[in-house]
2 protein chains.
Amino acid sequence: MCAQIRTMAATKNEDVRVAISQNRITDSGLRMTAPRRQLIEILAESERPLSVEDLSQRSKGKFDLVTIYRNLEVFRELGIVEVILLENGKNLFELTGEHDHSHHIVCRHCLKAERIEFCMGGELERYASSRGFSNLSHTIEVFGECPDCETKG
Amino acid sequence: MCAQIRTMAATKNEDVRVAISQNRITDSGLRMTAPRRQLIEILAESERPLSVEDLSQRSKGKFDLVTIYRNLEVFRELGIVEVILLENGKNLFELTGEHDHSHHIVCRHCLKAERIEFCMGGELERYASSRGFSNLSHTIEVFGECPDCETKG
DNA sequence: TTTCCTGCAAAATGTTTGCAAGGCA
DNA sequence: TGCCTTGCAAACATTTTGCAGGAAA
């Protein structure tokens, strides 16, 4: 029963995140369409950040890749999703967390990602600022093998 | 004259870096060829990290793109070059500095990059380790507009 | 002389653009 | 209705693979 409560809570939380995302779309004067709704739901339900290809598969190829690319770009502009840049230059997408952006420990094998709760970006950007740089942003990601993959591999 | 001494010192330093890189190749049983020699020289002389396309242009198209790709991969494996992963997923290459790897403040416009001398990777990897992850690596880069580009732009 | 390396050609990937038809508000 | 979105097709950019000839050691 304890597990059941947790499941319910998790579901609720998902629903909230979906609703928030959808509001951002309609509040921006954009339209809520089937692809947008489903892509957001898939991201909300996912246990890990997803690639464009992942999203295509999980939506059963119902939507053109172009549609996925274009909507992820819209989502990114609205702050609905964050992008995780992998070592190989590829992108993963996940719904934005509490903060405007976060960093991750990403498993190279299963691509599961844990958010790193402390962000050292401030210190880095302060340093960059002292060197005369402006309009700053930063990327920080850690890659490794997660406990699950390690025991399997 | 002071400037002249500095120039000479800089040239010397370049030569040393070229020599070190070349040694790594021959010590590995690989061959020193014209493309390898020139690519290393171009990287050594460059005022900023270079893309594959940059290297192609600076070598006046003398070498096939394939050759550049393949050699950069060899250089990376030998630790001769480091890769800087830009926000857009593209790569820049520079000769490895004192340390095995470093992080940078990269100007979005001119792509000049300053090495960040303090690496916070240790702390990050210690945290990842405590979460059960192994075989760790990390990326940290800061992006902004450098003082030169700011005044121009 | 052996093995490595290069260039060419072609294929494979991943992403973007233009446009006409369709659908949300 | 009006404008936003979608899907299709094609273009584009980037990187990889296979193979035969050429070069370093």
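Every chain is numbered from 1 and lettered A, B, ... according to where its sequence line falls, protein lines coming before strand lines.
Rounded to whole angstrom, the span from the CG atom of A:Asn23 across to the P atom of C:dA25 amounts to 13 Å. The interatomic distance linking B:Gln38 (CD) with C:dT6 (P) rounds to 12 Å, in whole Å. Put simply, NZ on A:Lys90 is 11 Å from C1' on D:dT14, counting in whole angstrom units. B:Asp64 places its CG atom 17 Å from the P atom of D:dG18, with the value rounded to the nearest Å. B:Asp27 places its CG atom 12 Å from the P atom of D:dA25, with the value rounded to the nearest Å. In this structure, the CZ atom of A:Arg31 is 11 Å from the C1' atom of C:dG22, given to the nearest Å. Put simply, CD1 on A:Ile68 is 13 Å from C1' on C:dT15, counting in whole angstrom units. Spacing between atom CD of A:Glu73 and atom P of D:dT6 amounts to 14 Å, rounded to whole angstrom units.
Residues B:Leu30 and B:Val66 each lie close to DNA chain C; by heavy-atom proximity, the contact nearer the 5' end of the strand is made by B:Leu30. Residue order along DNA chain C, read from the 5' end via each residue's closest nucleotide, puts B:Ala34 first among A:Thr26 and B:Ala34.
For A:Arg36 against D:dT5, no side-chain N or O and base N or O form a donor-acceptor pair under 3.5 Å.
When the nucleotides C:dG7, C:dC4, C:dT17 are ranked by their closest atom to the side chain of B:Arg70, C:dG7 comes out on top. With distances taken from any side-chain atom of A:Tyr69 to the nucleotides C:dT6, C:dG7, C:dG14, the minimum falls on C:dG14. Comparing atom distances between the B:Phe63 side chain and each of C:dG7, D:dC4, D:dG7 picks out C:dG7 as nearest. Candidate nucleotides C:dA25, C:dG7, D:dA23 were compared by shortest atom distance to the side chain of B:Thr67, and C:dG7 ranks first.
With values rounded to the nearest 0.5 angstrom, B:Ile80 atom CD1 is found 8.5 Å from B:Leu95 atom CG.
Hydrophobic clustering (side-chain heavy atoms under 4.5 Å, transitive across Ile, Leu, Val, Met, Phe, Trp, Tyr) groups A:Leu72 together with A:Val18. Note on B:Ile40 and B:Val16: separate hydrophobic clusters, where clusters join Ile, Leu, Val, Met, Phe, Trp and Tyr whose side-chain heavy atoms are under 4.5 Å apart, directly or indirectly.
In this pair, B:His101 and B:His138 present their aromatic rings perpendicular. The plane angle is above 60°, beyond the 30 to 60° band.
Put simply, A:Asn71 has a side-chain N or O that comes within less than 4.0 Å of OP1 or OP2 on D:dT6. OP1 or OP2 of D:dT6 lies within a sub-4.0 Å distance of a side-chain N or O belonging to A:Thr33.
When only modelled atom types and interatomic distance are considered, B:Ser102 and B:Glu82 share a side-chain donor-acceptor pair under 3.5 Å.
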